[in-house]
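Here the structure comes first, spelled out in structure tokens, and everything after it is commentary.
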Amino acid sequence: MNFIKKLIPAYIEIRSLYWVEYGKRMDVELERIFKEIDNENLTLVKELISNFEFQFTQGGVPNWIAVKYAQIYRAQSMVNSLI
């Protein structure tokens, strides 16, 4: 019986193609932001963060997108600590 339980999935999540592509675009922008933080190009980083916040939103999105969006707050904290 335990062997059969191991084969049955307990949690299935279906993600629409729209949100998957939305998340990939967010990943690209976040990667660029963190790359510029590493290069200490803070004026460009501030502009990229502003563009990111204008382009993407945290409200009305699936939870996994909202969690991904929260990375921008980490970037802002890093910039504030470098100033």
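Bear in mind the structure is a predicted one, so any value in this text is a computation, not a measurement.
The aromatic rings of Phe56 and Phe52 sit tilted relative to each other, their planes meeting at an angle between 30° and 60°.
Taking hydrophobic clusters as Ile, Leu, Val, Met, Phe, Trp and Tyr residues chained together by side-chain heavy-atom distances below 4.5 Å, Val79 does not share a cluster with Phe54. Linking Ile, Leu, Val, Met, Phe, Trp and Tyr whenever their side-chain heavy atoms come within less than 4.5 Å leaves Leu30 and Val67 in two separate clusters. Trp64 and Leu17 are members of different hydrophobic clusters when ILVMFWY side chains are connected at heavy-atom separations under 4.5 Å. No single ILVMFWY cluster, assembled from side-chain heavy atoms under 4.5 Å apart, contains both Val28 and Met26.
Atom CD of Gln76 sits about 5.0 Å away from atom CD1 of Ile49, to the nearest 0.5 Å. Of the inter-residue distances, the one linking Gln55 atom CD with Ser50 atom OG reads 12.5 Å to the nearest 0.5 angstrom. Rounded to the nearest 0.5 angstrom, Asn41 CG and Lys35 NZ are separated by 11.0 Å. Going from atom CZ of Arg32 over to atom CD1 of Ile37 covers 12.5 Å, rounded to the nearest 0.5 Å. Separation of atoms CD (Glu29) and NZ (Lys24) is listed at 15.5 Å; rounding is to 0.5 Å.
Residue-environment remark: CG (Leu7) exceeds the threshold of 12 foreign heavy atoms within 6.0 Å. Annotation for Lys68: atom NZ counts as buried by contact number, over 12 foreign heavy atoms lying within 6.0 Å. Residue Glu53 qualifies as enclosed at atom CD: its count of foreign heavy atoms under 6.0 Å is above 12.
Of all heavy-atom pairs between Ile33 and Ala75, the closest is CG2-CB, 3.9 Å.
With 3.5 Å as the limit, one finds no donor-acceptor pair spanning the side chains of Gln71 and Tyr69.
Not a single side-chain hydrogen bond (donor to acceptor under 3.5 Å, both in side chains) links Glu47 to another residue, sequence neighbours left out. Trp19 pairs by the ring pair (Phe, Tyr, Trp, His ring centres under 6.0 Å) definition with Tyr22, not counting sequence neighbours.
Relative to the six-membered ring of Phe34, Arg74 meets both conditions, a distance below 6.0 Å and an angle of at most 45° to the axis.
Gln58 places a side-chain N or O within donor-acceptor distance of the main-chain N or O of Ala66, the cut-off being under 3.5 Å.
Counting Ile, Leu, Val, Met, Phe, Trp and Tyr side chains that sit under 4.5 Å apart, directly or through other members, Ile4 shares a hydrophobic cluster with Ile8.
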